[in-house]
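Only one structure is covered here, and it is reproduced in the block below.
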Amino acid sequence: MAGSLFQKINNLRQFDNFGQLLLERLFCRRTKVQVYRFGKFEAIVDHRAADAGSIVGCIAGDMYKRFLSRVRIPARAAIADLGANVGGFSLLLLSQGYDIAKLLCVEMNPRTYERLRFNVRNNFAIDAAVINAAVCADERVIECDFGPGSTGDNIYGDIDKADTRYRRSVQGRTLDALIDEHLGDGIIDLCKIDIEGAESEVLLSGKPAIDALTRCRYLFMEMHRQADYQPMLRVLAEHGLRPIADEGKVDCGVHLFENQKLTSTSSAAS
């Protein structure tokens, strides 16, 4: 417990308004919404939800940051953040100085989506596409009992038990439909997929709805627990994507994949 508390405090130190954040969490527990400042950027976090897992985890933690030294993308990049929560991954890239020309953020929980939209619109000087939808294998309507927001929200209804739950319908969209509609048919320089178990449905459905993966230079994907990851790895390899970190070992957790054909072209161009 002490180690966990120390880590939380240490993570807060990564933000410019560390003192304010710490004092409010210690002495103003009824304050649920806070603003986290880092450099010239600001993001809202609702502690009734799991927003801190997105903002603090991405900005202060190494969930994605540890891989960024392996990523070489050209200027004016096109980024897809599928399963965006409140925007931690996209804001991480912004804070690290990535030149983002096109951005697609997709979040399924309607409440989380509202905070995502604020965080993106408040920080990006581009007309980013911020979409309330669920990424799945086909176009369908999905009904879920939503809580205030969790990093574990998923299309199967296995959502954290929380008060203030409400039932809503959300549009299920394929990966291809989302990317083609909002980023066009060009190269996606970096795609992040964290869709809480639906990645196996998207990859293994056998439906032609993931062709956009062949246009991804790099793919961050959080793989959720499976008995065997090889079927998904084979599909990714068929689309040109192979793991380049963790010595190619893939299990439960975040992994980085590279399309070497596209990245070699990018390196030659730069």
Side-chain angles (χ1 to χ4, degrees), residues 1-71 73 79 81 83-98 100 103 105 107 109 111-112 115-116 118-120 122-124 147-153 160 162 190 192-196 218 220-225 243-247 249-256:
M1 178 64 74
S4 176
L5 178 60
F6 176 81
Q7 185 61 53
K8 289 180 179 179
I9 293 175
N10 191 53
N11 285 342
L12 284 182
R13 289 184 180 275
Q14 308 303 310
F15 296 91
D16 296 338
N17 59 333
F18 158 72
Q20 174 192 350
L21 293 171
L22 182 60
L23 288 174
E24 286 184 350
R25 294 309 294 157
L26 289 175
F27 302 111
C28 304
R29 300 291 293 178
R30 295 177 68 179
T31 298
K32 302 304 182 183
V33 177
Q34 292 184 295
V35 176
Y36 283 60
R37 296 203 320 268
F38 44 105
K40 61 181 180 180
F41 309 113
E42 294 182 334
I44 57 171
V45 163
D46 189 338
H47 291 285
R48 290 165 294 194
D51 297 0
S54 177
I55 298 300
V56 179
C58 290
I59 302 299
D62 66 352
M63 182 186 304
Y64 297 105
K65 193 183 296 184
R66 62 195 173 100
F67 294 119
L68 291 182
S69 64
R70 307 291 298 272
V71 173
I73 58 178
I79 307 294
D81 187 354
N85 198 265
V86 292
F89 177 75
S90 299
L91 291 171
L92 168 65
L93 297 180
L94 195 63
S95 71
Q96 294 294 308
Y98 283 83
I100 301 174
L103 175 64
C105 293
E107 169 55 38
N109 187 315
R111 290 178 173 176
T112 307
R115 300 188 294 278
L116 167 67
F118 177 87
N119 286 339
V120 171
N122 189 55
N123 290 287
F124 284 86
S150 167
T151 54
D153 285 344
D160 288 353
L190 182 55
K192 169 252 190 179
I193 300 177
D194 180 7
I195 50 179
E196 297 304 312
Y218 294 95
F220 281 109
M221 179 176 284
E222 181 166 358
M223 313 289 273
H224 294 80
R225 194 162 301 284
I244 62 169
D246 296 332
E247 299 180 344
K249 299 176 182 177
V250 174
D251 53 16
C252 188
V254 174
H255 297 276
L256 174 62

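A donor-acceptor pair is defined here as one N or O able to donate and one able to accept, closer than 3.5 Å; no such pair exists between the side chain of E42 and the backbone of R37. Panel note: side chain N123, backbone N119; a donor-acceptor pair is recorded below 3.5 Å.
Nearest approach of L116 to N85, heavy atoms of both residues: CB-O, 3.2 Å. Minimum interatomic distance between S90 and L103 (heavy atoms only, all atoms of both residues): OG-CD1, 3.6 Å. In terms of heavy-atom proximity, T112 sits nearest to S150 at OG1-N, 4.5 Å. In terms of heavy-atom proximity, H255 sits nearest to K249 at CE1-O, 3.3 Å. For the pair L91 and A43, the tightest heavy-atom approach, listed with the atom from each and the gap, is CD1-CB, 3.8 Å. For the pair I244 and R70, the tightest heavy-atom approach, listed with the atom from each and the gap, is O-NH2, 2.6 Å.
Annotation: the span from L68 atom CG to Y98 atom OH amounts to 4.0 Å, rounded to 0.5 Å. Remark: T31 OG1 to L23 CG distance equals 11.5 Å, nearest 0.5 Å. Going from atom CD of Q14 over to atom CG of L21 covers 12.0 Å, rounded to the nearest 0.5 Å. Remark: N11 CG to F6 CZ distance equals 10.0 Å, nearest 0.5 Å. To the nearest 0.5 Å, the span separating CZ on F15 from CD on Q34 amounts to 10.5 Å. Atoms CG and CG, from L12 and N10 in turn, are 9.0 Å apart once rounded to the nearest 0.5 Å.
Here the side chains of N122 and I44 are not in contact, with every heavy-atom distance at 4.5 Å or above. With a 4.5 Å cut-off on side-chain heavy atoms, F220 and D81 do not count as touching. With contacts defined as side-chain heavy-atom distances shorter than 4.5 Å, the pair K192/L190 does not qualify. Side-chain contact between D194 and H224 is present, with heavy atoms from C-beta onward closer than 4.5 Å. No side-chain heavy atom of V33 sits under 4.5 Å from any side-chain heavy atom of D51.
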Show your working on ring-ring contact (aromatic ring centres under 6.0 Å, His included) between Y218 and F67 and close with a plain yes or no.
CA-CA 11 Å; Y218 294 95; F67 294 119; over 10 Å; no

Let's go through L22 and E24 carefully: what are the C-alpha distance in whole Å and the side-chain angles of both, what is the deciding distance for side-chain contact (heavy atoms from CB on, under 4.5 Å) to 0.1 Å, and is it a yes or a no?
CA-CA 5 Å; L22 182 60; E24 286 184 350; over 6 Å; no

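Ring orientation note: the planes of H47 and Y36 are tilted relative to one another, at an angle of 30° to 60°.
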Below 3.5 Å, can you tabulate the donor-acceptor pairs from side chains in residues 52-65 to any protein atom, sequence neighbours excluded?
{"unit_1": "S54", "atom_1": "OG", "unit_2": "G88", "atom_2": "N", "d": "2.9"}
{"unit_1": "K65", "atom_1": "NZ", "unit_2": "I59", "atom_2": "O", "d": "2.6"}

